[in-house]
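Comments concern the structure below.
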Amino acid sequence: MSDDAVTGIDTFSQESRTFSPPSEFVQNAVARPHLYAEAERDRLAFWRTRAQLLSWKTPFTETLDWSNPPFAKWFADGTLNAAYNCVDRHVESGHGSQVALLAEYEDGSDATYTYADVKDEISRMANVLTDLGVRTGDRVAIYLPMIPEAVFAMLACARLGAPHSVVFGGFSADALRSRIEDAEARVVITADGQFRRGKALPLKNAVDDALAKGAESIEKVLVVRRTGGDVQWTEGRDVWWHEARETASAEHEPVWVEAEHPLFILYTSGTTGKPKGIVHTTGGYLTQATYTHRNVFDLKPKTDVYWCTADVGWVTGHTYVVYGPMANRATQVIYEGTPDTPHQGRWWEIVEKHKVSLFYSSPTAIRAAMKWGEEIPAKFDLTSLRLLGSVGEAINPEAWMWYHRVIGGERAPIVDTWWQTETGAIMISPLPGVTSTKPGSAQLALPGISADVYSESGEPVGPGEGGYLVLDEPWPAMLRGIWGDPERFQDTYWSRFPGSYFAGDGAKKDEDGDIWLLGRVDDVMNVSGHRLSTMEIESALVSHEWVAESAVVGAADETTGQAVVAFAILREGNEAEVEAAGGEDAVAELLRQHVGTEIGPIAKPKRVLIVTELPKTRSGKIMRRLLRDVAENRQIGDTQTLADASVMDLIQQGMSEKK
Ligand code: PRX
């Protein structure tokens, strides 16, 4: 836990204004309040009914086994297959010709895949993976850009019951290697390269690097051709997908697995330097992914066009690009590129082109669009949009209002959805047509979910009070553990408030009992809705030979929510090298790049400040709170607990010299 009290966290001003749902949704509302009532009457019966909406090979008889908390088992004696539920069953029920994926590439070209096409593609890929030696239970790493093959790869693994571990394509070779090693993946699926802002960038080279340095469990590399760029080839290990695909059969019998069979591992940052491999299993995860996607987004599979802008490298891309929408037979857009390539209206152009009706994105993206100006979206016809979603961090009321007015045409309700990699699916969110929305608040736990705000001593707080967000009942999509580390699982989430899951977020209940998220209370930063660990970036910095010590903080940032600001002390004895490199400013830039190479460009600090001391308590703990004050140009807070109070003067002096 950091030295920040929950109450010390800045929060957005809470606007008292509420919006009533538009009339279109009020009609649906007739059915929806039943959900709350139904869940309240009997929570487990509620989940049992939701699970029965999936297709089971063997029906389950027991809903929840919570006899050994925090290790939950949901629907444990049932068997099913996630890919079958996301694809085959739609083809079998006569919807094979419905479009599943509207793939937009960065260069403006596109491709369409129906559910029948997807079934063929994932069956072929499952057959190829089998030929490459993948068996049920083996882990497969996926390191791909946001192209249809990324979705196929995940579903092909699910077909085989081979847990996938998707590593975001923006992560470095080292990050990929450590994730492969932790999960002992057998095969990695990658692409020759990826398009980013009009440029073809290599990708497979990072896999080659990762494998040159370790990752010894990898036997085969399956390579999708995307950019056509040159790649190094290791005969016997590397296999082109387009070649293997030619002879692969489009027939494949899914492997029926038990509900608790792991579906995927997804690494996320924690408070230590080592990322955590969050484990999700099949039946419970898919139940909640499907239920939340259908109800939070009010999905009408026949008429809606849905678009979630997340990359499959993150949990949002898992649950709300692949598993939730596809289990619900949605027609959806997936987009390879960045929002401003080749122009800043790219996203809105796609909304117009495909008549997107449900749009799910992040506050960071909305704030960036706000900065670019409302005349840009005004050039496009956005009247198809009927519902907007937000995830990743709290949406400040200003951004909420802009989203509502400029993108939603004051028609579309906004669902602000709170959840985490660990929760697997949405937990707290308004329901369209039921809840009057409040800009800036995620509001209520969904039917079937139980959330509360606890005080320091573990008591529920009263209206108007702040504390820690907890989930006090198990839920179907809950993480089942941290890969290979049950102790860390218990310590991280279940030891702070015994019996409840501690999310790591501060929260406040307002007078109506609605929940407002106040940000992380641990050493995890949230940059553009992506989780980064202060410790991980500190380790990357000290891995540079010139750095003796470092401290990293997340400082408030207008666009990205938080920005990484790093403080580094250089080792003595390198003065000549530092001078030759161009002095301290040049070294700061070099260290930024170094973090980019070690972890990935998203982790690059916005600023690196070279300092001679760091503020520490008498027991040697770095006081990040004070560094955050410096980074945010605030009055320095209480320095009484510092071992040497003059340190802050030195740091501030250094800062003002650099301004
Ligand atoms: O701090 C919360 C913030 O994002 C964290 C989870 O990050 P991650 O596991 O990467 O998943 C992001 C996408 C689900 C949470 O602990 N967070 C996420 N959604 C919201 C949010 N904070 C406030 N409001 C939200 N709607």
Side-chain angles (χ1 to χ4, degrees), residues 2 4 6 9-12 14 166 168 171 264-271 275-278 280 285 288-289 292-293 296 308-321 323-324 360-366 388-397 399-400 403 414-430 437-446 451 453 468-471 477-479 482 492-493 501-508 514-533 536 554 560-562 602-603:
S2 80
D4 292 304
V6 177
I9 292 173
D10 289 333
T11 179
F12 302 111
Q14 296 181 11
V166 182
F168 174 56
F171 275 132
F264 64 84
I265 305 169
L266 183 58
Y267 286 84
T268 188
S269 296
T271 50
K276 304 180 277 198
I278 303 299
H280 283 289
Y285 170 81
Q288 195 178 330
T292 52
H293 181 260
V296 173
C308 165
T309 61
D311 189 285
V312 290
W314 310 105
V315 75
T316 309
H318 283 58
T319 311
Y320 298 107
V321 175
Y323 293 106
Y360 192 28
S361 194
S362 67
T364 290
I366 293 150
L388 305 173
S390 171
V391 64
E393 59 185 299
I395 179 165
N396 46 315
W400 195 104
Y403 199 24
I414 296 178
V415 285
D416 176 0
T417 62
W418 179 90
W419 59 295
Q420 307 179 299
T421 307
E422 292 87 341
T423 70
I426 298 173
M427 304 292 281
I428 303 178
S429 163
T437 48
K438 283 186 191 173
S441 167
Q443 300 189 282
L444 312 180
L446 287 179
V453 181
Y468 302 95
L469 183 70
V470 298
L471 302 165
M478 67 198 287
L479 77 164
I482 294 176
T492 311
Y493 306 107
Y501 170 91
F502 171 45
D505 280 23
K508 184 177 160 152
D514 280 327
I515 295 177
W516 296 73
L517 276 309
L518 303 181
R520 303 286 308 191
V521 294
D522 53 13
D523 292 330
V524 171
M525 295 171 289
N526 190 328
V527 179
S528 302
H530 297 144
R531 257 161 82 164
L532 295 171
S533 139
E536 203 178 345
T560 58
Q562 284 189 309
I602 49 163

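Counting starts at 1 for both ligands and their atoms, in listed order. For the single chain, residues carry numbers from 1 onward in sequence order.
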Quiz item: Does G392 have a heavy atom less than 4.0 Å from any atom of ligand 1?
Solution: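 So G392 counts as touching ligand 1.
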
Quick check: do [X] and [Y] have side-chain heavy atoms less than 4.5 Å from each other?
{"X": "M478", "Y": "Q288", "result": "no"}
{"X": "Y493", "Y": "L471", "result": "no"}
{"X": "I515", "Y": "W418", "result": "no"}

Applying a heavy-atom cut-off of 4.0 Å, say which part of [X] lies close to ligand 1: side chain, backbone, both or neither.
{"X": "E393", "value": "backbone"}
{"X": "N526", "value": "side chain"}
{"X": "H530", "value": "neither"}

Quiz item: Counting both backbone and side chain atoms, is some N or O of R531 under 3.5 Å from an N or O of ligand 1?
Solution: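 Right, the criterion is met.
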
Self-check item: Heteroatom proximity flag, D505 to ligand 1, N/O under 3.5 Å
Solution: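 So ligand 1 has an N or O lying under 3.5 Å from an N or O of D505.
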
Quiz item: Between the main-chain N or O of I265 and the side-chain N or O of H280, is there a donor-acceptor pair closer than 3.5 Å?
Solution: no

Self-check item: side-chain contact (heavy atoms from CB on, under 4.5 Å) assessment of I602 paired with V527
Solution: CA-CA 8 Å; I602 49 163; V527 179; over 6 Å; no

Practice problem: Among all protein heavy atoms, pick out the one at the shortest distance from atom 23 (C) of ligand 1; state its residue, atom name and that distance to 0.1 Å. | Solution: A394 N, 3.0 Å

Quiz item: Partners of E536 by salt bridge (charged side-chain N to carboxylate O under 4.0 Å, His left out), sequence neighbours excluded?
Solution: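 Partners of E536 under the salt bridge (charged side-chain N to carboxylate O under 4.0 Å, His left out) test: none.
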
Practice problem: Identify which of T421, T316, D416 has a heavy atom lying nearest to atom 11 (O) of ligand 1. | Solution: T421

